[in-house]
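Everything on this sheet refers to the single structure shown next.
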Amino acid sequence: MIYKIHIVKLYKSFCYYLEKSRQETTKFDFKLFLKIWVNDHLLKKSPLDANLPWMPYSAIFELNSIIKPNFNILETGCGGSTVFFLKNSQSVVSIEHDEKWSQKLRKHPQIAKQNAEWQLICTPISDLSDNKLRTNYLDSLRIQKDNSFDLICIDGRLRSKSLILASQKLRDGGFLILDNADRDDYKEGIEFINRLGWQSKEMGGICYGYNWDSYATIWEKP
């Protein structure tokens, strides 16, 4: 009886997430949805072990639809998104502040299996309250070549300042994504990008690993 109740509960959950996912994006992909839902709700895997970005489902669908095999990608903050990007692109540059987390990623078996070129830059931040534009962490972003990336994902520390710098590193026609775009802390960076007049798309709703909604924004550089 308990087993039957559990199956019914899972089935209702599956139907709910399926319908909600379809409503929240125009880029819905059923095969990808199955991977997300099974790893999230059946296997209870972390985003890293699931090889998926820790983002709203709708943002994952969006990324899946725009990334091409020849893309060069830059991300601040790394994890499941790193594996996801490496599987679908030509090269990935990851900027991370946590040395222990960086070491874990370097040893992760799924990352070792990927053919895409990967560069991991670890630059610890000694003072997380430092909001100055000049920090070692931001310098790792600043030194990247201008107009050289097809997609930049901002999901690490100092996101508002990172957004401003990232706008210079994105090629024409490229995409810039900010996770947790509803947070007031990132208002300065969001307003800066919006003043550039880039086309934007809001992605919100159910999120991997959360019992509440989360939000992301993606801009396309003209």
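Heavy atoms only: backbone and side chains are in, while hydrogens, waters and symmetry mates are out. These figures come from a predicted structure and were not determined experimentally.
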Can you tell me if [X] has over 12 outside heavy atoms packed within less than 6.0 Å of its [atom1]?
X      : atom1 : value
Asp146 : CG    : yes
Gln199 : CD    : no
Trp54  : CH2   : no
Asn70  : CG    : yes
Glu99  : CD    : yes

Item to check | Full working for salt bridge (Lys or Arg N to Asp or Glu O under 4.0 Å) between Asp155 and Arg159 | outcome: CA-CA 7 Å; Asp155 198 14; Arg159 296 187 200 183; 3.3 Å; yes

Next on the checklist: Between Trp118 and Ile111, does the side chain to side chain contact (heavy atoms under 4.5 Å, CB included) criterion hold? Intermediate values first, please.
Outcome noted: CA-CA 9 Å; Trp118 183 47; Ile111 288 181; 3.5 Å; yes

Please confirm whether the backbone N or O of [Y] pairs with a side-chain atom of [X], one donor and one acceptor, at under 3.5 Å?
X      : Y      : answer
Asp29  : Leu32  : yes
Ser81  : Cys78  : no
Lys169 : Gln144 : yes
Asp98  : Trp101 : yes
Asn39  : Lys35  : yes

Side-chain heavy-atom pair [X], [Y] within 4.5 angstrom cut-off:
X     : Y     : answer
Thr26 : Phe61 : no
Lys20 : Tyr16 : yes
Ser58 : Glu62 : no

Next on the checklist: Assess the residue pair Ile177 and Thr217 against the criterion (side chain to side chain contact (heavy atoms under 4.5 Å, CB included)); give the C-alpha distance rounded to whole Å, side-chain angles, the decisive distance to 0.1 Å, and a yes or no.
Outcome noted: CA-CA 6 Å; Ile177 184 168; Thr217 299; over 6 Å; no

Checklist outcome for this item: Here the ring pair (Phe, Tyr, Trp, His ring centres under 6.0 Å) pairs for residues 71-93, sequence neighbours left out, are none

Measure across [X] and [Y] and return the closest heavy-atom pair with its distance rounded to 0.1 Å.
X      : Y      : value
Lys221 : Ser167 : NZ-O, 3.6 Å
Ala116 : Ser91  : CB-N, 4.3 Å
Thr82  : Ser94  : CG2-OG, 3.8 Å
Tyr215 : Gly204 : CD2-CA, 3.5 Å
Met55  : Cys153 : CE-SG, 3.3 Å
Asn180 : Ser214 : ND2-OG, 3.4 Å

Checklist entry - For the atom pair OG (Ser148) and CD (Gln168), what is the distance rounded to the nearest 0.5 Å? => result 11.0 Å

Item to check | Separation of Leu158 CG from Ile164 CD1 (nearest 0.5 Å) | outcome: 11.0 Å

Checklist entry - Can you say whether the rings of Tyr208 and Tyr57 are parallel (under 30°), tilted (30 to 60°) or perpendicular (over 60°)? => result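 If you compare the ring of Tyr208 with that of Tyr57, the planes turn out tilted.
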
Next on the checklist: side chain to side chain contact (heavy atoms under 4.5 Å, CB included) for Glu24 and Ile206? Distances and angles first, verdict last.
Outcome noted: CA-CA 9 Å; Glu24 291 172 349; Ile206 52 177; 3.5 Å; yes

Item to check | side chain to side chain contact (heavy atoms under 4.5 Å, CB included) partners for Leu18, two or more places apart | outcome: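 Counting only residues at least two positions away or on another chain, Leu18 forms a side chain to side chain contact (heavy atoms under 4.5 Å, CB included) with Phe14, Arg22, Phe28, Phe30, Phe33.
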
In terms of side-chain geometry, is the basic nitrogen of [X] or [Y] positioned less than 4.0 Å from the acidic oxygen of its partner?
X      : Y      : answer
Arg171 : Asp150 : yes
Glu188 : Lys161 : yes
Lys187 : Asp182 : no

Item to check | Option passing side-chain contact (heavy atoms from CB on, under 4.5 Å) with Leu176 (candidates Leu163, Leu74, Ile218, Leu151) | outcome: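 Per the side-chain contact (heavy atoms from CB on, under 4.5 Å) rule, the option paired with Leu176 is Leu163, out of Leu163, Leu74, Ile218, Leu151.
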
Checklist entry - Which is it for Phe192 and Ser160 under the side chain to side chain contact (heavy atoms under 4.5 Å, CB included) test, yes or no, and what are the steps along the way? => result CA-CA 9 Å; Phe192 177 89; Ser160 194; over 6 Å; no

